[in-house]
Engineer: 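Encoded as structure tokens, here's the structure I'll be asking about.
Both backbone and side-chain heavy atoms feed into the values below; hydrogens, waters and symmetry mates do not. Chain A is the first sequence line, chain B the second, and so forth, proteins listed ahead of strands; every chain is numbered from 1.
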Number of protein chains: 2
Amino acid sequence: MAISDRRISESTIHRLSIYYRALQQLEKENYETISSKELARREKLTPAQVRKDLSFFGSFGTRGLGYPVVELKGKIAGILGIDRVWDVALVGVGNIGSALVSYKEFQKQGFLIKMVFDNDQRKIGSNHKGIIVSDIRNIVSELRNSSIEIVIIAVPSSMAQLVADDVVQAGIKAILNLAPINLKVPDDVVVRNENMAMELEYLSFSLSNHQRPK
Amino acid sequence: MAISDRRISESTIHRLSIYYRALQQLEKENYETISSKELARREKLTPAQVRKDLSFFGSFGTRGLGYPVVELKGKIAGILGIDRVWDVALVGVGNIGSALVSYKEFQKQGFLIKMVFDNDQRKIGSNHKGIIVSDIRNIVSELRNSSIEIVIIAVPSSMAQLVADDVVQAGIKAILNLAPINLKVPDDVVVRNENMAMELEYLSFSLSNHQRPK
DNA sequence: TAAGAATTGTGAATCGTTTCACAACATTCT
DNA sequence: AGAATGTTGTGAAACGATTCACAATTCTTA
Ligand SMILES: NC(=O)c1ccc[n+]([C@@H]2O[C@H](COP(=O)([O-])OP(=O)(O)OC[C@H]3O[C@@H](n4cnc5c(N)ncnc54)[C@H](O)[C@@H]3O)[C@@H](O)[C@H]2O)c1
Ligand SMILES: NC(=O)c1ccc[n+]([C@@H]2O[C@H](COP(=O)([O-])OP(=O)(O)OC[C@H]3O[C@@H](n4cnc5c(N)ncnc54)[C@H](O)[C@@H]3O)[C@@H](O)[C@H]2O)c1
């Protein structure tokens, strides 16, 4: 069954990311094959879950043996679309934005921050790790003339919707939003939120109710 | 039905955080009451979902009228455990850790970063926004003698498990982990992961498969 | 006070995800 | 070669979350 036949759940996609990291580690440890049982044990999942997730995309294993580590890693990279380079823009070079620009891991993973925007005159034109900060006022045309497909928004929450509107207008279809607000975008634009306050609230809930939520 | 009777799902807890923010906004806009219909419309949820989520914790609304904004906000704060102050420690004052220490919103929300740990001699003893950086080697005893209940881990991934082991040994039951690895902790410790790489991979998947996953 | 409109709270129905269980197949051992 | 062991891939069952649908209740208006 082809991918487009099925709607893949958010959980499955997240677990693919987990499998991918586990396989990177297994490759380092020189494993040639890995069983769903062992992979599940390492990542605290169930073997059936692992097999079911992978089966949505094909038959990658060998009965009696397990999955070939390097090959499966490649297949998952293909499924996730990380077997290529993605050009990324960052909006807002403040506390968190600066940390992101300096962060080497994204680059290693194939997510390249190629453009940076800000509205602070003192920052515009300055050099951040080899990237010149652009004026936010030019964002629509600059993104349109670029190869950028993913935008990270790291501006104060009061500004995030305005920035998102521009980003959408520039034709971008994928946004990673770090501001703690719910962006309103058209249906064909995917937004993922990274909301640390929500995670802290989750911890607070768990401690208060001494419940481990699922 | 008491909270302890039911296992509340992760999604419900996340939505409570969403309702809480929406109610803050509604309060600013001087709404006295809000219906599940309008709240759902604003947050792109369904009215039934809103009512069901709230009904797990009690009957907060009035038939025919809706929910009293300020009162409901208070109830949700109580449920999430954010009607009080939580003392938090941060481990790793690097790029991302520094951003967190400077971030005022956590404080406003009642999450107070009270202690900071690092293993870099040049950082230990230095002053970060009024907090003296402690030596990681003393973390177990220092946490034990403190009022800290939540720890944020912002060290390189190769170090995160070691730090987590110490944190667990110090009796901490809630961890926010920013390193892109799966921490192994006992069952009674809650870990939440903030994994930006995984979110980027999610965007990459969505763009590659032009699918909006749920 | 009665009728009409709005909206909650919640069982029941529906939908989606996870787990179970086993046939099919590969490998190893004797 | 045949038996024993290990493991996948996948329908079916079990479970869990969301949506439906409606009785119960409140408010408004006349
Ligand atoms: N700092 C943290 O630890 C942290 C943690 C979680 C979430 N966040 C969120 O991340 C976002 C950024 O936080 P921060 O601490 O880096 O803030 P910051 O104030 O340090 O940085 C914001 C940057 O955005 C720029 N900016 C403002 N308006 C802009 C606009 N319209 N267009 C382009 N650039 C604009 C500012 O000039 C500044 O450089 C906020 O929404 C915040 O809530 C931050
Ligand atoms: N920088 C980013 O934008 C970013 C984004 C996503 C995730 N992360 C993750 O956050 C973590 C921190 O990233 P960073 O960019 O801030 O790294 P960094 O190297 O700038 O900072 C790490 C800090 O941890 C300290 N440290 C190292 N080992 C330690 C130990 N054993 N005990 C205590 N302190 C120790 C270092 O001295 C340093 O101050 C990493 O796991 C990274 O993958 C970072």
Side-chain angles (χ1 to χ4, degrees), chain A residues 1-3 5-19 22-23 26 31-69 71-73 75-76 79 202 211-214, chain B residues 1-3 5-19 22-23 26 31-69 71-72 75-76 79 211-214:
Chain A
M1 102 224 9
I3 293 177
D5 290 359
R6 284 194 174 277
R7 195 175 182 72
I8 303 298
S9 79
E10 175 166 329
S11 333
T12 294
I13 301 168
H14 268 132
R15 282 191 300 267
L16 289 180
S17 289
I18 292 171
Y19 303 148
L23 290 163
L26 287 162
Y31 278 67
E32 299 235 315
T33 58
I34 180 82
S35 67
S36 58
K37 192 177 166 194
E38 171 63 7
L39 186 50
R41 193 194 56 75
R42 288 185 167 228
E43 300 302 324
K44 289 231 184 121
L45 299 165
T46 67
Q49 180 89 84
V50 171
R51 296 201 299 276
K52 182 67 87 176
D53 283 338
L54 296 175
S55 78
F56 290 140
F57 302 97
S59 298
F60 307 128
T62 310
R63 287 161 200 244
L65 238 194
Y67 299 89
V69 170
E71 198 183 309
L72 181 60
K73 185 179 137 233
K75 296 279 190 191
I76 293 180
I79 294 163
Y202 200 104
Q211 190 203 272
R212 305 285 132 267
K214 269 156 289 180
Chain B
M1 103 225 8
I3 293 174
D5 289 359
R6 285 195 174 279
R7 196 174 180 75
I8 304 299
S9 79
E10 175 166 330
S11 334
T12 293
I13 301 169
H14 267 135
R15 283 192 299 268
L16 288 180
S17 288
I18 292 171
Y19 303 148
L23 290 163
L26 287 162
Y31 279 68
E32 299 234 317
T33 59
I34 181 81
S35 67
S36 58
K37 192 177 165 195
E38 172 63 8
L39 186 50
R41 193 195 55 75
R42 290 186 165 226
E43 301 301 324
K44 291 230 183 122
L45 298 165
T46 66
Q49 181 87 82
V50 172
R51 296 200 299 276
K52 181 68 87 178
D53 283 338
L54 296 175
S55 78
F56 291 140
F57 302 97
S59 298
F60 307 130
T62 308
R63 284 160 202 245
L65 237 195
Y67 299 89
V69 170
E71 197 183 309
L72 181 59
K75 296 280 189 189
I76 294 180
I79 294 163
Q211 188 204 271
R212 305 284 132 269
K214 269 155 289 178

Engineer: To the nearest Å, give me how far apart CD1 (B:Ile8) and C1' (D:dG16) are.
Structural biologist: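 From B:Ile8 CD1 to D:dG16 C1': 13 Å.
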
Engineer: Nearest-Å distance, NZ (A:Lys37) to C1' (D:dT8)?
Structural biologist: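 Going from A:Lys37 (NZ) to D:dT8 (C1'), I get 14 Å.
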
Engineer: Where the side chain of A:Tyr67 is defined as all heavy atoms beyond and including C-beta, which of D:dT8, D:dT19, C:dT8 is the nearest nucleotide?
Structural biologist: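 For A:Tyr67, the side-chain atoms sit closest to D:dT8.
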
Engineer: Expressed as a whole number of angstroms, how long is the span from B:Lys52:NZ to C:dT10:P?
Structural biologist: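 Whole-Å distance recorded here is 8 Å.
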
Engineer: Is any side-chain N or O of A:Arg63 under 3.5 Å from a base N or O of D:dT7, one able to act as donor and the other as acceptor?
Structural biologist: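 Counting by modelled atom types and ignoring angles, no donor-acceptor contact under 3.5 Å is found here.
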
Engineer: Using atom CG of A:Asp53 as one end and atom P of C:dG16 as the other, report the distance to the nearest whole Å.
Structural biologist: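 Atom-to-atom, A:Asp53 to C:dG16, this comes out as 17 Å.
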
Engineer: Whether B:Gln49 contacts D:dT19 is assessed here as follows: a side-chain N or O lying under 4.0 Å from the phosphate OP1 or OP2. Is that the case?
Structural biologist: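 Answer is yes, contact under 4.0 Å.
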
Engineer: Could you give the CD-to-P distance, from B:Glu10 to C:dG16, as a whole number of Å?
Structural biologist: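 Those two atoms, CD and P, are 20 Å apart.
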
Engineer: Check the distance between C:dA24's C1' and A:Leu65's CG and give it to me in whole angstrom.
Structural biologist: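 Going from CG in A:Leu65 over to C1' in C:dA24 covers 15 Å.
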
Engineer: Please identify each residue that fulfils side-chain contact (heavy atoms from CB on, under 4.5 Å) with B:Thr12, with sequence neighbours left out.
Structural biologist: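 Applying side-chain contact (heavy atoms from CB on, under 4.5 Å) to B:Thr12 gives B:Ile8, B:Ser9, B:Arg15, B:Asp53, B:Phe56, B:Phe57.
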
Engineer: Apply salt bridge (charged side-chain N to carboxylate O under 4.0 Å, His left out) to B:Arg63 and list each qualifying residue two or more places apart in sequence or on a separate chain.
Structural biologist: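 With neighbours one apart ignored, the set is empty.
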
Engineer: How close or far is atom C1' of C:dT8 from atom CG of B:Leu54, stated in whole angstroms?
Structural biologist: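 The answer, rounded to whole Å, is 11 Å.
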
Engineer: NA contact type, A:Ser36, heavy-atom cut-off 4.0 Å: base, sugar-phosphate, or nothing?
Structural biologist: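 Here A:Ser36 touches the backbone only, sparing every base.
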
